[in-house]
Amino acid sequence: MKEEKINGKTYKLPGSLNKFQKEMYVHLIDWKWKNITKKPGLYKYKGEFIEYDAILPKTERKKFPLIYKPILNDLKDHKTKYHFKLHLHFNHMASSQAANINLFLPILLSPKANDILRLLKSDFKKLTTGKLYKGFRIEYWDGNSDTDKGLLGDHNARSGTDSDIAIAYYNKKDELCLWLIEHKLTEKEFTTCGGYKSKNRDKLKHLCEKPFAEIVDNKDYCYYHNVRKNNYWLITDKHKDFFKNHNNFSTCPFRKGMNQLWRNQLLGFAVEDDPKQPYKNVYFSVVHHPDNKYLIKRIKEYKELINDNQKFSVFTSKEVIDHASKTKDKDIEEWIDWYKDLYKV
């Protein structure tokens with residue numbers, strides 16, 4: 001932590017923020033000071049508690065002050081029916097999980113949901129409110145208990161591949177589809193490969209420097225497959241034509257930030273392939289803050305890998321807001337004003 005004076009105010013900030021992150025943190029802290037409290041929160045690091053202005057103090061957390069009030073009861077009800085873990089940093093002003101909830105639930109719970117979502121997704125016809133929780137699920141995966149490993153074989157009580165939000169809908173052919181969405185606020189990178197970084201990886205056996213095709217043929221080159229027994233490469237092998245331009249990458253493409261994009265895409269393929277699942281097509285999108293340019297390079301790499309396949313798409317939170325504003329709905333407009341004020345969109 002370092003104290004930094006900006007525009008006459010002193011902020012307790014992390015020491016390694018990029019330009020966009022610092023601008024957003026200062027804005028979010030100002031919003032917190034104005035609307036919640038000026039008390040800093042505590043972060044435990046190596047046994048010591050450190051004060052940060054962007055963290056909510058424990059005294060405020062039970063009120064869920066970062067969640068748009070009209071959606072709070074539904075959020076709690078959803079969490080009861082489809083349990084999901086609140087992120088470690090959920091009570092941080094820059095929580096991407098909270099921002100994702102605040103971006104989508106006011107739309108999904110609105111009578112104007114279909115009008116707005118049709119503008120965001122060209123094949124969208126109507127929300128399937130009888131599926132999942134009123135047509136959506138936060139932190140979606142195909143299971144609902146800590147004992148189920150899921151279709152990717154990577155779930156446990158602590159971790160596993162989730163989509164930040166999933167939306168069930170009928171397309172224009174009246175086919176039931178699922179839309180998986182990953183949300184990013186201030187993050188400068190997607191989640192990287194845990195196997196590549198694992199201290200338990202045998203570097204003589206788990207050869208991350210091997211290219212895509214060789215790992216498909218010998219899946220034990222991957223720590224995820226050989227040790228963790230995850231299904232990533234089994235599903236990848238079945239859908240390897242999707243990763244059309246893999247020869248453009250001399251080593252495993254999924255060691256860095258494309259790892260998270262890959263796993264979310266695989267979750268979509270696994271749900272499509274599972275006869276127990278009702279969805280004809282599953283799509284995957286990333287939504288990010290319009291001023292966060294740090295993710296663009298990785299997104300471009302992924303699009304290159306998959307030859308810009310239409311099963312993957314990208315949009316910004318500003319695009320969501322702009323489409324929602326076209327409804328001229330009073331409740332939607334109130335939410336837009338609140339969201340834009342909080343997240344500087």
Side-chain angles (χ1 to χ4, degrees), residues 82-85 87-88 97 131-132 137-166 168 178-182 190-203 205-208 210-243 246 251-286 302 305-306 309 311-312:
Y82 291 95
H83 177 73
F84 63 91
K85 297 181 284 288
H87 290 177
L88 175 64
Q97 186 182 43
K131 295 291 182 183
L132 307 176
R137 181 174 168 183
I138 299 165
E139 303 296 343
Y140 171 87
W141 63 297
D142 54 285
N144 199 28
S145 77
D146 290 341
T147 59
D148 190 348
K149 296 189 71 175
L151 293 171
L152 300 189
D154 68 354
H155 254 269
N156 56 49
R158 299 178 306 280
S159 62
T161 301
D162 302 297
S163 177
D164 285 339
I165 195 159
L178 191 66
W179 186 12
L180 308 180
I181 301 174
E182 178 68 27
F190 297 95
T191 306
T192 57
C193 180
Y196 176 61
K197 297 180 293 184
S198 175
K199 63 182 180 180
N200 297 318
R201 179 170 75 91
D202 184 343
K203 294 182 181 179
K205 183 178 181 180
H206 305 128
L207 304 179
C208 304
K210 291 289 186 179
F212 178 99
E214 289 191 40
I215 301 176
V216 167
D217 289 341
N218 188 344
K219 298 173 182 60
D220 285 338
Y221 283 152
C222 180
Y223 174 86
Y224 278 145
H225 183 88
N226 180 249
V227 176
R228 300 290 295 275
K229 307 303 179 185
N230 301 146
N231 298 327
Y232 305 152
W233 285 100
L234 294 173
I235 301 167
T236 300
D237 193 357
K238 187 173 181 180
H239 295 275
K240 58 190 173 187
D241 290 345
F242 179 81
F243 305 97
H246 62 80
T251 62
C252 177
F254 310 122
R255 295 181 302 170
K256 298 182 181 179
M258 276 200 284
N259 186 274
Q260 186 177 23
L261 301 175
W262 173 54
R263 288 184 291 107
N264 273 269
Q265 198 84 59
L266 294 183
L267 177 60
F269 286 137
V271 170
E272 276 185 351
D273 294 341
D274 184 4
K276 296 178 182 178
Q277 295 288 338
Y279 305 104
K280 175 72 174 178
N281 298 297
V282 183
Y283 299 91
F284 170 46
S285 296
V286 168
Y302 188 66
L305 173 67
I306 66 173
N309 193 291
K311 272 191 170 291
F312 173 72

Tell me, with the steps shown, if Leu207 and Glu214 meet side-chain contact (heavy atoms from CB on, under 4.5 Å).
CA-CA 10 Å; Leu207 304 179; Glu214 289 191 40; over 6 Å; no
Let me see the working for Val227 and His206 under side-chain contact (heavy atoms from CB on, under 4.5 Å), right down to the final yes or no.
CA-CA 9 Å; Val227 176; His206 305 128; 3.7 Å; yes
Given the rule in the side-chain contact (heavy atoms from CB on, under 4.5 Å) test, do Lys203 and Arg201 qualify, once you have shown the distances and angles that lead to the verdict?
CA-CA 6 Å; Lys203 294 182 181 179; Arg201 179 170 75 91; 3.8 Å; yes
Please step through side-chain contact (heavy atoms from CB on, under 4.5 Å) for the pair His155 and Trp141, ending with a clear verdict.
CA-CA 9 Å; His155 254 269; Trp141 63 297; 3.3 Å; yes
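Rounded to the nearest 0.5 Å, atoms OG1 (Thr192) and CD (Gln260) are 9.5 Å apart. Residue Lys256 holds its NZ atom at 12.0 Å from SG of Cys208, rounded to the nearest 0.5 Å. Distance OH/Tyr221 to SG/Cys252: 13.0 Å, rounded to 0.5 Å. Note that CD of Gln265 is 7.0 Å distant from CG of Asn309, once rounded to the nearest 0.5 Å. Between atom CD1 of residue Ile235 and atom CG of residue Leu151 there is a gap of 7.0 Å, rounded to the nearest 0.5 Å. Atom CG of Asn264 is separated from atom CG of Asp162 by 8.5 Å, given to the nearest 0.5 angstrom.
A side-chain donor-acceptor contact under 3.5 Å links Asn230 to the backbone of Gly153. Checked by atom type and distance alone, the side chain of Lys229 pairs as donor or acceptor with a backbone atom of Asn226 at under 3.5 Å.
Arg255 pairs by the side-chain hydrogen bond (donor to acceptor under 3.5 Å, both in side chains) definition with Thr251, not counting sequence neighbours. Every residue two or more places apart in sequence or in another chain that forms a ring pair (Phe, Tyr, Trp, His ring centres under 6.0 Å) with Tyr232 is listed here: Tyr224, Trp262. Listed by chain and residue number, Glu139 satisfy the side-chain hydrogen bond (donor to acceptor under 3.5 Å, both in side chains) test with His87 (two or more places apart in sequence, or in another chain). For Phe312, the ring pair (Phe, Tyr, Trp, His ring centres under 6.0 Å) partners two or more places apart in sequence, or in a different chain, are Phe284, Tyr302. Qualifying side-chain hydrogen bond (donor to acceptor under 3.5 Å, both in side chains) partners for Trp179, counting only residues two or more places apart in sequence or in other chains: Ser285. For Phe212, the ring pair (Phe, Tyr, Trp, His ring centres under 6.0 Å) test picks out Trp233, Phe243, His246, with sequence neighbours left out.
The two residues Gly195 and Tyr223 make their nearest non-hydrogen contact at CA-CD2, 3.5 Å. Across all non-hydrogen atoms, the minimal contact from Gly143 to Asp148 is CA-OD2, 3.6 Å. Looking at every heavy atom in both residues, Ala270 comes nearest to Leu152 through CB-CD2, 4.2 Å. Heavy atoms only, all atoms of each residue included: Asp273 and His239 are closest at OD2-NE2, 2.7 Å. For the residue pair Asn259 and Cys193, the shortest heavy atom distance occurs at ND2-CB, 3.5 Å. Nearest heavy-atom pair across Leu178 and Ala166 is CD1-CB, 4.1 Å.
No option in Asn231, Thr236, Asp237 other than Asp237 meets the side chain to side chain donor-acceptor pair (under 3.5 Å) test with Lys219. If you run side chain to side chain contact (heavy atoms under 4.5 Å, CB included) between Val286 and each of Leu261, Leu180, Asp164, only Leu261 comes through.
Looking at heavy atoms from C-beta onward, Asn144 lies in side-chain contact with Tyr82 at the 4.5 angstrom threshold. Counting heavy atoms from C-beta outward, His225 and Leu234 have side chains that approach closer than 4.5 Å. Contact of the Thr191 side chain with the Arg263 side chain is registered, since non-hydrogen atoms from C-beta on lie closer than 4.5 Å. With contacts defined as side-chain heavy-atom distances shorter than 4.5 Å, the pair Arg137/Phe84 does not qualify. Contact annotation: the side chain of Pro278 approaches that of Lys131 to within less than 4.5 Å [non-hydrogen atoms, C-beta and beyond]. Side-chain contact between Asp154 and Arg228: absent, with no pair of heavy atoms (C-beta onward) separated by less than 4.5 Å. A heavy-atom distance below 4.5 Å is found between the side chains of Val271 and Tyr140.
With respect to the salt-bridge test (charged N to carboxylate O, under 4.0 angstrom), the residues Lys276 and Asp142 do not qualify.
Heavy-atom contacts from other residues, nucleotides or ligands closer than 6.0 Å to NZ of Lys311 number more than 12. Few gaps surround CZ on Phe242; more than 12 heavy atoms of other groups in view lie less than 6.0 Å from it.
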